[in-house]
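Here the structure comes first, spelled out in C-alpha cells, and everything after it is commentary.
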Amino acid sequence: MTAEFLFIAFVLLSAGVIAVPIASKLGLGSVLGYLIAGIAISPILYGAGVDVLALQHFTEFGVVMMLFLVGLEMQPKTLWEMRARIFVMGGLQVVLTTLAVMALAMLLGQGWTVALAIGLVFALSSTAIVNQTLNEKGLLRSDGGQASFSVLLLQDIAVIPMLALIPLLALPELADALHHAPEAGGHGAEGLNLSLVEGLAGWQVALVTLAAIAFVCLAGLYLTGPIFRFVSRARLRELFVSAALMMVLGIALLMTMVGVSPALGTFLAGVVMANSEYRHEIESDIAPFKGIFLGIFFITVGASINFALLWDNLSLILAMTLGLILLKATVLLVIGRLFNLQGAHKFLFALGLAQAGEFGFVLISFTVASAVMPPEIADLLLLVVALSMLLTPALFILYDKVIAPRYSRGQAAEADEIDSDAKIIIAGHGRFGGIINRTLQAANIETTVVDYSSEQLEMLRSFGLRVHFGDATRADLLHAAGIEEAKILVIAIDGREAVTELARYMRQNYPQVHVVARAYDRTHVYDLWAVGCRDIIRETYDSSIRATRSVLEALGNSRAAATRMVRVFEDFDRRMMLELAEIYNIHDPHAENSEYARHVRENIAKWEDDLRARMKEASEGGAEVAREGSA
C-alpha cells in the first residue's frame, strides 16, 4: 500500500464527507454532492502529481457494485405488476430518444455506429437523482412520479442489452489502434491471459458465451442456496459479505473470460442472488458499502472532468446540454400525452427525466474501450452528461416554482368536482389514510377523501369507495372540499415537507379545524408542533409499541405487566416530546440546535433513571399480581 494510494483514498473520502452534507442541505442531493466533490478535488490531485487515470480502478469497482445492486433489487413481481408502463412507456422512451439523438448526430456528420452509440448514452436518465428527488418532494406516488419510476426501471434493465450491443459497433480503425496500444504497467505479452474464446471461430465464441450465461443461471438456481447454507454454519456475518463478493467477482470474471462485459456479469449475479432465500441478508450486509461505492464512482467522474476542454468548447457543450434536455423533454411530453398523463404530471415526467444519467458514464467508457467511439468525442459527451445532471435541480425548481403553481390555479376542471358535505376531510388514501377512512366508514361516519394518484383512485373506485382526485395542498381544492365547514382534516399525504407546509397553512388560515397529521419521525413531530399542529401521529409508533409488548411477553412477563411497562414508556416518551418540542427550533438543523442539545445533555441521566425505576415498578407489580392469582 503506497503513500499515493493512501493520499488518493483520503482525499476522495474527505471530499465526500465535506461536500455531500452541504449539497444535501442546499437541496442538491447526494449524487450531485459527490460530483461537485470530485470537481473540487481535481486541481488538488493534478497539482500533487497524482495520476487521475488511476482513479478509474475505483470507478470500475463502483460500477460493478452499482450494477450488482440494481440486479439484486429486481423483483419479478414488481416488474409484472408494472409491465405495461415499464416495457411500453419505458421502451418507447429509450427507442424514440435513441433514434432522435442518432438522427441529429448523423446530421452533424457522425457515422451511424457512433451516432447510435451516442443515442444509447443519452437515452438514459439519472435513476439516483430522480428517485431521490421524487422521494424527498413526496411526488413518487403521483402519476408523474410513478411514470418516471417505470421508465427509470426500464432504463436500468436496458443498460444490459446496450452493453451487449455496443461491442458489435466497433470501428476497425479504432480497434486496430486499441489493439496496438501499449499495455499499462509494462506487462505486454507477458500478462496473464485468461481468455476462453481467443482463437475461436465466431460460432464457437457464441456457443461458449451462451454456455457461460447458462452456467450462471443454473448456478443461481441450484448452487446459491447450498453455498449460503454452508456459509451460515460458521455463524460469522462477514462471511455472507465475502461469499456475495466472491460470487459477484467470480461471475464478472467468467463474463470477462468469454469476452462479455463484466458489468453484464455483475447484473446477472445480482439477479441470481435476488432469487435466493438469503437475498435480504445479503442486501442488508452489503447496504453499507452501497453508498461508499456509488460515492467513489461519482467523485471519480467529477475529478476526471477535463476543464480545459470545457472552457475551450464552452459554447458547444452548453448548446449540446441544453439541446439534449429540450429534445428529451419533448419526447417525454409526447409519451406522457400518449399515456394520458394530465396537467402538471406530464411536465414532472418530462422535466424530471430530461437529463442524462450515471449509466451514461459507464456506457461512454465502455464505448471507448470497445473501439466504438473516438476518445475526443467521448470526452465531450462526458461533459454533457455531467452538466445535464448538475442542471437537474434547476429543472425541479422550474417545476416547483413555475409549472406546478400554474396548474394548481388552472386545474379546477382537471380535479374532481367535490359535492360532499362531510365534516371530515382525509388528504391521502394510502396505507395510513386508507385505514382511517375504512374505520370511519364502518362507523357510518361520512368522509371526503382526496388523493393525488389517479391510478390509486381508480383502483379504490373499483371497490365502490367514494374518493376524489386532486392535490390536497392546493387552497382552491381545500375550498372545494369544504374546508370552511369541516371539523377535522387528516393529513396523510407523502412528503414530510408537504405535510408540514399544509399543517402550517391550516393553522394560519383555518385554526378552527382540528388537524390530525401523520409524522415521519420524531424530528418531524417537532416540526409539526412548531407550525402549530397539536394532534400528531408518528406513522410507525403504535406498531412499534405493540411489538415491544410482544417482546416483553416473550421474555416471561404477563400480558398485564407488559401492558403496564409499555404504558410507562408511552407516558415518559410523550412528556419528553412535549418538553423538547417547546424548545426545538425548526429553523436550525437538529444537530445544531444548541438549546435543544444542551437541555438533553443536562437531563438525560435523570430521565433514564426515572424511566428505569418506573419500568421496574411496573414489572414487579405484574409479578405480584401473578403470585396472588396462583395463590
Side-chain angles (χ1 to χ4, degrees), residues 56-57 59-76 79 117 120 156-170 175 178-179 183 187 189 191-231 240-279 282-283 286 293 359 362-363 365-372:
Q56 295 304 315
H57 295 294
T59 303
E60 290 167 5
F61 194 63
V63 171
V64 164
M65 292 306 302
M66 180 167 59
L67 284 169
F68 167 68
L69 290 170
V70 169
L72 191 65
E73 293 169 1
M74 286 293 163
Q75 293 295 318
L79 295 176
L120 294 175
D156 290 342
I157 298 172
V159 170
I160 306 308
M162 288 180 184
L163 290 170
L165 171 64
I166 284 174
L168 303 179
L169 305 176
L178 190 67
H179 178 73
E183 295 290 336
H187 295 291
L192 183 63
N193 184 5
L194 296 175
S195 175
L196 296 177
V197 295
E198 185 174 342
L200 297 181
W203 65 271
Q204 294 173 319
V205 172
L207 285 179
V208 172
T209 302
L210 291 175
I213 294 175
F215 172 77
V216 169
C217 296
L218 292 174
L221 288 174
Y222 299 108
L223 295 181
T224 303
I227 288 174
F228 282 105
R229 279 194 289 273
F230 174 76
V231 170
F240 273 91
V241 181
S242 300
L245 292 176
M246 175 195 71
M247 296 184 70
V248 170
L249 296 177
I251 294 174
L253 174 62
L254 177 61
M255 294 295 104
T256 304
M257 292 169 67
V258 298
V260 179
S261 165
L264 173 59
T266 312
F267 180 83
L268 289 175
V271 174
V272 165
M273 293 185 187
N275 294 325
S276 168
E277 64 266 31
Y278 293 98
R279 182 181 72 85
I282 299 168
E283 195 169 14
I286 293 182
F293 291 137
F359 280 113
V362 180
L363 293 182
S365 299
F366 189 59
T367 56
V368 175
S370 301
V372 174

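Residues Ala212 and Val258 share a closest heavy-atom pair of CB-CG1, 3.9 Å. Here the closest heavy-atom approach between residue Ser370 and residue Ala170 is recorded as O-CB, 3.3 Å. Across every non-hydrogen atom of Val372 and Ala117, the tightest pair is CG1-CB, 3.8 Å. Closest of all the heavy-atom pairs between Val231 and Ala243 is CG2-CB, 4.1 Å.
Leu210 is linked by a side-chain contact (heavy atoms from CB on, under 4.5 Å) to nothing, counting only residues two or more places apart in sequence or in another chain.
Residues Thr367 and Leu120 fail the side-chain proximity criterion, which asks for heavy atoms closer than 4.5 Å.
Distance CZ/Phe366 to CE/Met162: 12.5 Å, rounded to 0.5 Å.
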